[in-house]
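All ligand and atom numbering here is 1-based and tracks the order in the structure. As a basis for the values below, the full set of heavy atoms in this structure was taken, side chains included, without hydrogen atoms, waters or symmetry mates.
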Amino acid sequence: MLEEIEDRGGPRQALLDIKGLKKHFPVSGGMLGKKQVVRAVDGVDFGVAKGETLGIVGESGCGKSTTARLLMHLIAPDAGSIVYDGTPIGRDLSLRELRRRMQMVFQDSYASLNPRLTIEDSIAFGPKVHGVPDAKARELARDLLGRVGLKPETFANRYPHELSGGQRQRVNIARALALKPRIVILDEAVSALDKSVEAQVLNLLIDLKRDFGLTYIFISHDLNVVRYVSDRVLVMYLGEVVEIGPVDEMWTNPRHPYTAALLASMPTLDPDRRTTQAPLAGDPPNPIDPPPGCRFHTRCPHAEPVCASTRPSLADAAPNHAVACLMHAANSGHSKAGTMLEAS
Ligand SMILES: Nc1ncnc2c1ncn2[C@@H]1O[C@H](COP(=O)(O)OP(=O)(O)OP(=O)(O)O)[C@@H](O)[C@H]1O
Ligand code: SF4
Ligand SMILES: [Mg+2]
């Protein structure tokens, strides 16, 4: 059987510590054949605490999936470091070991499963690759099927096409858990499901997290779902982190104008949640040539000339809550700098 993965640094040490993470994708077709890059992830810093669910939100194309793929080492970063429980990945921790500790579940439940393998074989595959004998791996697969709410006697010998989308996503979750990981990255993992099935799978994820002592990174465009599952939320805009903090605080008192606009554009029936903030208009600018200074200045209702020339860095706005906005930076030159600091 796979041995338990040890908790090295104790509960207070971050499970993941990410610094300066960068990924630029080269694209062709620039003027006069000039080389261009999409700044998909452009210098991202954040930590993930043991046992938490960190939600990641932001408009389409802001770099959420690229960040997830970088964490999984499915693609190589151009710059930056990822430290896992005190151990730098690549130097002291092999990719093979990392992939046991960190698993990912994607949106497309069908594409993630091999159509020619039975459900049991699919789940047993990973443990077998890691040296678990066939009989033990099958026993584990059947046990996990039960844990994700699929009766093994009914589902073990079925093929992916014989399952519904919700059932397939349960299989993908079982498959992710088969290597006893500590972190599961869920990239729009429930987004393709009907609302009622989505709620069931979300509750299953919450139960599994408790039972297996997991840590989640939960990526979704659905802010209601993110609020339901997350302890903290990270907001991305054009490849950068603009705000990160506890979910309740972010929802009641978002510090960054982009976070406020995202929340304001959310459909809500709750009169207390209706804000006077202008909802987000238009599309994000092109990530090949992002605006200088604060990347949000072309859409920000609080933008001032300084915002077009000075790039705000992520700084503490409250305990455990950081924001990248010149209104929250002392002496930044923004007229509201002092007032926002006092207010927060
Ligand atoms: N392999 C690639 N080659 C070129 N550009 C890419 C590649 N992968 C992603 N991109 C670009 O990088 C940017 C970030 O993409 P990413 O998929 O990370 O966004 P996302 O936040 O996950 O969006 P969505 O909410 O639509 O899933 C986008 O502009 C995207 O077009
Ligand atoms: S730095 Fe300026 S443009 Fe950027 S979010 Fe803050 S106020 Fe808006
Ligand atoms: Mg994505």
Just heavy atoms, cut-off under 4.0 Å: does Pro287 contact ligand 1 by side chain, backbone, both, or neither? side chain
At a 4.0 Å threshold, what atoms of ligand 2 neighbour a non-hydrogen atom of Cys294? 1 (S), 3 (S), 4 (Fe), 5 (S)
Determine the minimum heavy-atom distance between Arg96 and Val129, stating which atoms define it. NH2-O, 3.6 Å
Looking at Arg39 and Asp289, does any basic side-chain N land under 4.0 Å from a carboxylate oxygen? no
Which of the numbered atoms in ligand 2 are below 4.0 angstrom from a heavy atom of His334? 7 (S)
N/O of Gly63 under 3.5 Å from N/O of ligand 1, yes or no? yes
Could you see which bit of Val38 sits under 4.0 Å from ligand 1, with heavy atoms only: side chain, backbone, both or neither? side chain
Under-4.0 Å heavy-atom contact with ligand 2, by part of Lys336 that carries it: neither
Please list the nearest protein heavy atom to atom 2 (Fe) of ligand 2 with its residue and the distance rounded to 0.1 Å. Cys307 SG, 2.3 Å
Please state which protein non-hydrogen atom is closest to atom 6 (C) of ligand 1 and give its distance, to 0.1 Å? Phe25 CD1, 3.3 Å
Closest heavy-atom pair, Ser220 versus Val226, reported as atoms and distance to 0.1 Å, is CB-CG2, 3.7 Å
When you measure from atom 24 (P) of ligand 1 to every protein heavy atom, which one gives the shortest distance, and what is it? Ser60 OG, 3.6 Å
So how far is it from Ile219 CD1 to Met236 CE, rounded to the nearest 0.5 Å? 9.0 Å
Answer with side chain, backbone, both or neither: which part of Cys325 has a heavy atom less than 4.0 angstrom from an atom of ligand 2? both
Arg69/Asp187 ion pair, N-O < 4.0 Å: no
Stepwise side-chain contact (heavy atoms from CB on, under 4.5 Å) check, Ile183 with Tyr216: CA-CA 6 Å; Ile183 309 178; Tyr216 285 160; over 6 Å; no
Atom 18 (O) of ligand 1 [closest protein heavy-atom partner, distance rounded to 0.1 Å]: Thr66 OG1, 2.6 Å
Going by the atom numbers of ligand 2, which of them fall below 4.0 Å from some non-hydrogen atom of His256? 5 (S)
Per-residue contact class, Glu304 against ligand 2 - non-hydrogen pairs under 4.0 Å: neither
Tell me which protein heavy atom sits closest to atom 13 (C) of ligand 1, plus the residue, atom name and distance to 0.1 Å. Gly61 O, 3.6 Å
Give me the ring orientation class for His256 and Tyr258: parallel if the planes are under 30° apart, tilted from 30 to 60°, perpendicular past 60°. perpendicular
Just checking: Ser65, one of its N/O/S atoms, less than 2.8 Å away from the Mg ion (ligand 3), yes or no? yes
Atom 12 (O) of ligand 1: closest protein heavy atom, distance to 0.1 Å, is Ala40 CB, 3.3 Å
Identify, for atom 25 (O) of ligand 1, the protein heavy atom at the shortest distance, and state residue, atom and that distance. Lys64 NZ, 2.8 Å
Within a distance under 4.0 Å of any heavy atom of Leu326, pick out the atoms of ligand 2 and give their elements. 1 (S), 6 (Fe)
Of all heavy-atom pairs between Cys325 and Pro312, which one has the smallest distance, and what is that distance? N-CB, 3.7 Å
Electrostatic pair Asp85-Arg182, nearest N-O below 4.0 angstrom: yes
For Val57 and Lys64 the tightest heavy-atom approach is C-CD, 3.8 Å
Under 4.0 Å and counting heavy atoms only, is there anything from the protein next to atom 9 (C) of ligand 1? yes
Interfacing atoms of ligand 2 (cut-off 4.0 Å, heavy-atom, Cys300): 3 (S), 5 (S), 7 (S), 8 (Fe)
As an exercise, identify every atom of ligand 1 less than 4.0 angstrom from a heavy atom of Ser65. 17 (O), 18 (O), 20 (P), 22 (O), 27 (O)
Side chains of Glu59 and His221: donor-acceptor distance under 3.5 Å anywhere? no
Test log, rule side-chain contact (heavy atoms from CB on, under 4.5 Å), inputs His73 and Arg99: CA-CA 8 Å; His73 283 67; Arg99 297 222 169 95; 4.0 Å; yes
Would you say Gln169 and Asn172 are linked by a side-chain donor-acceptor pair, where the criterion is simply a distance under 3.5 Å? yes
